[in-house]
6 protein chains.
Amino acid sequence: MRILLINPNSSPAMTRTIADAGKAVAAPGTEIAGCCPSGAPLSIEGHSDGVLAAFHTLKLVDESGPADAYVLACFDDTGVDAVRERVAGPVLGIGEAAMHAATMLACRFSILTSLERSVPILEDNAARYGLAARCRGVHAAKLPVLAFEDGESAYAVLRDAAREVLARDRSDALVLGCGGMAHLAPRLAGELGVPVVEGVACAVKFVESLVSLRLATSKAGGYAYPLVKTALSDGEQHV
Amino acid sequence: MRILLINPNSSPAMTRTIADAGKAVAAPGTEIAGCCPSGAPLSIEGHSDGVLAAFHTLKLVDESGPADAYVLACFDDTGVDAVRERVAGPVLGIGEAAMHAATMLACRFSILTSLERSVPILEDNAARYGLAARCRGVHAAKLPVLAFEDGESAYAVLRDAAREVLARDRSDALVLGCGGMAHLAPRLAGELGVPVVEGVACAVKFVESLVSLRLATSKAGGYAYPLVKTALSDGEQHV
Amino acid sequence: MRILLINPNSSPAMTRTIADAGKAVAAPGTEIAGCCPSGAPLSIEGHSDGVLAAFHTLKLVDESGPADAYVLACFDDTGVDAVRERVAGPVLGIGEAAMHAATMLACRFSILTSLERSVPILEDNAARYGLAARCRGVHAAKLPVLAFEDGESAYAVLRDAAREVLARDRSDALVLGCGGMAHLAPRLAGELGVPVVEGVACAVKFVESLVSLRLATSKAGGYAYPLVKTALSDGEQHV
Amino acid sequence: MRILLINPNSSPAMTRTIADAGKAVAAPGTEIAGCCPSGAPLSIEGHSDGVLAAFHTLKLVDESGPADAYVLACFDDTGVDAVRERVAGPVLGIGEAAMHAATMLACRFSILTSLERSVPILEDNAARYGLAARCRGVHAAKLPVLAFEDGESAYAVLRDAAREVLARDRSDALVLGCGGMAHLAPRLAGELGVPVVEGVACAVKFVESLVSLRLATSKAGGYAYPLVKTALSDGEQHV
Amino acid sequence: MRILLINPNSSPAMTRTIADAGKAVAAPGTEIAGCCPSGAPLSIEGHSDGVLAAFHTLKLVDESGPADAYVLACFDDTGVDAVRERVAGPVLGIGEAAMHAATMLACRFSILTSLERSVPILEDNAARYGLAARCRGVHAAKLPVLAFEDGESAYAVLRDAAREVLARDRSDALVLGCGGMAHLAPRLAGELGVPVVEGVACAVKFVESLVSLRLATSKAGGYAYPLVKTALSDGEQHV
Amino acid sequence: MRILLINPNSSPAMTRTIADAGKAVAAPGTEIAGCCPSGAPLSIEGHSDGVLAAFHTLKLVDESGPADAYVLACFDDTGVDAVRERVAGPVLGIGEAAMHAATMLACRFSILTSLERSVPILEDNAARYGLAARCRGVHAAKLPVLAFEDGESAYAVLRDAAREVLARDRSDALVLGCGGMAHLAPRLAGELGVPVVEGVACAVKFVESLVSLRLATSKAGGYAYPLVKTALSDGEQHV
């Protein structure tokens, strides 16, 4: 089984972190093809970065050859619905994967993401997935996405924020709200005493599951293949 | 990895169907221990059957020796929260497993269960899991739970009901709303042309995933171990 | 009119407290048959206790002879739907009774229960009853259920927690979230200056009302009598 | 105990129907003071009628001398919140009373009202009371409010509409959505085979219950007494 | 185009403030007819004031001659639905206008109103308009409605409350929750650094927009003209 | 005032239709700069088209010189949040504009769009805007987006579908769910007898309103300007 594990931003370090997290949990027969699109922003911090990243992700999917399943490793789940239209295999965003997993393990969870500007995006996603009732809060550690490559000082900020969030929200699980935090989950779980749910690992295992069950993206409704347009545009218009 | 796959009713035939469905999808290293509690109703059709089944399921869990994970194969997910309190490994009901899976594959799904009396239970569950927004309807094939052991005539009723439900709800995936339908999923999928999501298989793969990720039930909140009571009751009271 | 007033746990002292609360408000012609099931946990603190209590409550209902109505005096409303299936007369849980009453008296209410682990259960109930919009918060006094038999020190903890909860939530009514607090309502109301709603009394009066209106549990849908199973199980199965 | 049972419209015949329905169910010691405001519309069919009726109801409440509780017998519950501010005793609308009662008796209910134009009002009320999840539909018999005084032909239309509504919605209880239908409930219940919930009777019994429990409207929040204005306006202004 | 801009309370000073705010933003061809009903309360602080004001507003609308559109300048939007029934042109409350505008400008907004007793009214409105998901909180400056005529000290209280509310709610826009605050919006916007949305100005521009688009209130459903009653009541009834 | 009115797809005919609709309603001092991005799909039918269109729309916005406000004329509102981050002036999608307008005019509205595959997208948008409670249904005329350029036969299909939708949903307003239908609104309104709300016109008037009120996109939260990334990616990665 070949899983295309896409980091939708273009940070090489973060792409490696994410690919490592995926490979660490993949089943013996699973090939994890970690990659990121050229042209995407270095990090995805807000809606505009999300649109740019989704566009380049679609191109990367088209050019990457066949895969049995797809994981999009931006916690905003930017582009997930669009990729679902273009492929047959199951597609999962790490945000939805982590939130689904958290509801299987805990009564209530809190999400800790990087920047405050991502909070409304994740709140909207939680509501759209219908998981808002189980999510007691979305919070920002107030660190940019790429800070988590740095190590110790970012880790300490994250851990302290996590402790405060869990206590204030009275949640019994923590969801890490950024793909760049993937390598920090085991250490955090050890210190926090609650399940720490990290989306890259969850998404890889869940699409492995779906592929092994021969469950694919439905092509009968909103995820049908894109329609081919019968004429080409003659370019930018100003009327 | 040892997964206790419990059919919460006491039908031997249905227990075998469910165990077979689980074994068919388990990973090489996974042992599926299929079982059902003695004393539980022969089928679970409504709230009262659900309470009786949940009680006997708890006893079965206590007596069954250690397992790495637990699947409760009644689509009502009766007893799932209670089992979560009593064990450390992840616990999944087939209802929630199937609904989560369906949201990964399709824009909108419909549930087809056995009897009309189960419809409000499943609607309430979908709402509680927060997945009501994705579920366009819960419907009954108007066949009792055990009818699905019979074969051909029940299959035809189910397939025709499924076709009508998918058309009326404009859904692009079907969720089978009863553990006794587990063996019918592949055949239905072939005829209906949409993903047919069956909870036993999904739940087995998802708890396998969680165990391999070392994710266990949170013991810090509502799923903490039951408190030991310091005194014993002196029996039934009439005041 | 005979009302079976069931304390679903097996604490004799709490059963007496609850029966006294029911008898104190019953109409002249109403007989309150206070009772508790043998075999149930001494107190209901979480989902697992709830399943055990519900099972023994069903047995008690079956063995207790005819009654015109039923009140289940655990604020979690464990077993209420199941009892509704097995009897004809109206059945009310003290949790739902108190929440309905609170919406008749105040714009917004808060619930104060015993332990933190019960909070998600009550939040889910409030949502399922549809009353979450009026409930500004569910909080725990952090005292075990049986502590309220003790008197003064538990009372002071409860009152102080109530004051803090009302101020923080800006609620104009308090709902007592545990049957064991039944005797404390009048005293609390005097000190807090807002309606203090206690479920045992509310439920007794509401089922009296329903009986006098000749309104009984519907047998046409999800509360129809349980189906009789046509074959008996041959006991615990391991497949 | 004195209950002011107000028909907020000014139809004498409907006022008598409502008063009769209230007196038929009142407890021995309860005095039902049936009345209607002069100046209100003859029937309440829409928002504008509702505002006029609410205004005259407030005046009637002020002029009617003390009462222990208040029932407002328009199913739209027009003016209920405003009356709650002006009095101490509990106040109940027949719409909310019937909807609360229906959730105690059935898994799902449908409302059958007079005219289509009232449907969105009742849908909004059901949502605001939080009971929308239990209400499977609000429907109109397409008869004006005063038609129900007429007898046989209106009854037949109502019964046939009820049968269709229950079948289509798969509901197991019917709520009568107009005070003018109060006298038809027992006959309908006999023919339909499900609980038929009528708000006048429910509201009378529920406020009787609240008064006997010494529960009054909270004066600590949104139902506090209206503030006295310190200056009088100098009349209509055109600026 | 003639817009009837109604202050539903009867404060002459506040009527002038509101009319000035409307005139300041009206398009060249728009006549703003500012007015207030005689007989209405001097300020609208709660449900009872709201019913009185709505009644007198309906009379004022009937007597004021034809207008192309109507703005009701009480943030509670009292009487808006009723006026919609009685006229053809579009009708807008300043509460809904401001909330709609805020969702066009910011991810999340908070509402700051005058008194705590208005908070549940505005929360209910936000929910009914469906905008609750975007509104992170409704708060009270704890100043009576008419205080805002006073100037400096009320302004300082409001500004400080706004700062605290924005920080606590992490909102990126402020909605002023009282018509009497209309003149304070520009100054507040300058000091707070976020959009400050004031409903009078928004409502005037939005109804101007609707009139210019020839969009009028629908007369096909719940806003159809009130039905004429075929008989007159013979006055207050006591049965 | 200069409004950039962007058709996010690249159909020249549809861009002209949309620009004409905007110019027809613009105020005297308003310049409507109608345009479409080169490179975008010829029509937007689904998520994948939406991502491509949003990407090219961002580029068009960056290259188009300053504007006072922006309207995005795809009913899916694709890219609206992203454009809000990149500019200061108000930005409105025609989907949200039309839905907000519909709630100002009618109790309940229905949306009629082109293809079934767009239905879940619009349902999700309605829910995210919080307007789902007012929207009784989203339906497809089962015509591709570009069919509406054709004229008579598409018009007849649309009108017949609209009639059926309004009757089935019991809605009192129709929202046209595709920018390509802009020119059909007046004719439909004449035939259907309810308000027909068309988003291009509404959005142009609403952003005109916001600009005239000096209300701009908040830069304090989720719509803050995109962060500048401090390093450039070294291109597509495969790890």
Side-chain angles (χ1 to χ4, degrees), chain C residues 25 27-28 81 84 90-93 96-97 99-109 126-135 166 170-173 185-186 189 192-198 201-210 212-224, chain D residues 25 27-28 81 84 90-93 96-97 99-109 126-135 166 170-173 185-186 189 192-198 201-210 212-224:
Chain C
V25 302
D81 286 318
R84 278 188 183 136
V91 180
L92 214 50
E96 58 184 332
M99 289 191 233
H100 285 293
T103 70
M104 301 173 185
L105 300 166
C107 285
R108 298 291 185 266
F109 64 89
R128 193 162 77 89
Y129 304 151
L131 302 174
R134 303 293 283 273
C135 174
L166 289 167
R170 301 177 296 164
S171 287
D172 53 332
L192 295 173
V194 297
V196 174
V197 184
E198 188 280 304
C202 292
V204 165
K205 297 310 286 181
F206 285 169
V207 293
E208 269 187 352
S209 297
L210 296 171
S212 79
L213 297 174
R214 300 182 194 286
L215 286 169
T217 300
S218 178
K219 289 296 162 187
Y223 296 140
Chain D
V25 302
D81 287 319
R84 277 187 183 138
V91 180
L92 214 51
E96 58 184 332
M99 289 192 234
H100 285 294
T103 70
M104 301 173 185
L105 300 166
C107 284
R108 298 293 185 264
F109 63 88
R128 194 162 76 88
Y129 304 151
L131 303 174
R134 301 293 283 273
C135 174
L166 289 168
R170 302 178 294 164
S171 287
D172 53 332
L192 295 173
V194 298
V196 174
V197 184
E198 188 281 304
C202 292
V204 164
K205 296 311 287 182
F206 286 169
V207 295
E208 269 186 353
S209 297
L210 296 171
S212 79
L213 297 175
R214 300 183 195 287
L215 285 170
T217 300
S218 178
K219 289 297 163 186
Y223 296 140

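Residue numbers begin at 1 in each chain, while the letters A, B, ... track the order of the sequences.
Residue C/T103 touches chain D through both its backbone and its side chain, counting heavy-atom pairs closer than 4.5 Å. In this structure, the portion of C/V196 lying under 4.5 Å from any heavy atom of chain D is its backbone and not its side chain. In this structure, chain C has a heavy atom under 4.5 Å from the backbone of D/A216, while its side chain stays farther away. Looking at C/L131, both its backbone and its side chain come within 4.5 Å of chain D, counting heavy atoms on both sides. Only the side chain of D/S212 comes within contact range of chain C, with at least one heavy atom under 4.5 Å from a heavy atom of that chain. Both the backbone and the side chain of C/L215 come within less than 4.5 Å of a heavy atom of chain D. The contact between C/V91 and chain D is made entirely by backbone atoms, counting heavy-atom distances below 4.5 Å.
For C/Y223, the ring pair (Phe, Tyr, Trp, His ring centres under 6.0 Å) test picks out B/H47, with sequence neighbours left out.
The aromatic rings of D/F206 and C/F206 lie tilted to each other, with the angle between the two planes from 30° to 60°.
Interface check for chain C: of the options D/A106, D/A27, D/A101, D/P186, the most heavy-atom pairs under 4.5 Å are formed by D/A106. Among C/P195, C/A220, C/A97, the residue with the largest count of heavy-atom pairs under 4.5 Å with chain D is C/P195. Residue with the most contacts toward chain D among C/V207, C/D81, C/V194, C/L210: C/L210 (heavy-atom pairs, distance under 4.5 Å). Top candidate by heavy-atom pairs under 4.5 Å with chain C, chosen from D/K205, D/R108, D/E208, is D/K205. Contact tally against chain D (heavy-atom pairs below 4.5 Å) for C/A185, C/A133, C/G222: the top residue is C/G222. The candidate with the highest count of non-hydrogen atom pairs below 4.5 Å against chain C, out of D/T217, D/L166, D/V197, is D/T217.
Distance check: C/L105 CG to D/R84 CZ gives 7.5 Å after rounding to the nearest 0.5 Å. Once rounded to the nearest 0.5 Å, the distance linking CZ of C/R134 with CZ of D/R128 reads 6.0 Å. With rounding to the nearest 0.5 angstrom, the NE2 atom of D/H100 is 12.0 Å from the CE atom of C/M99.
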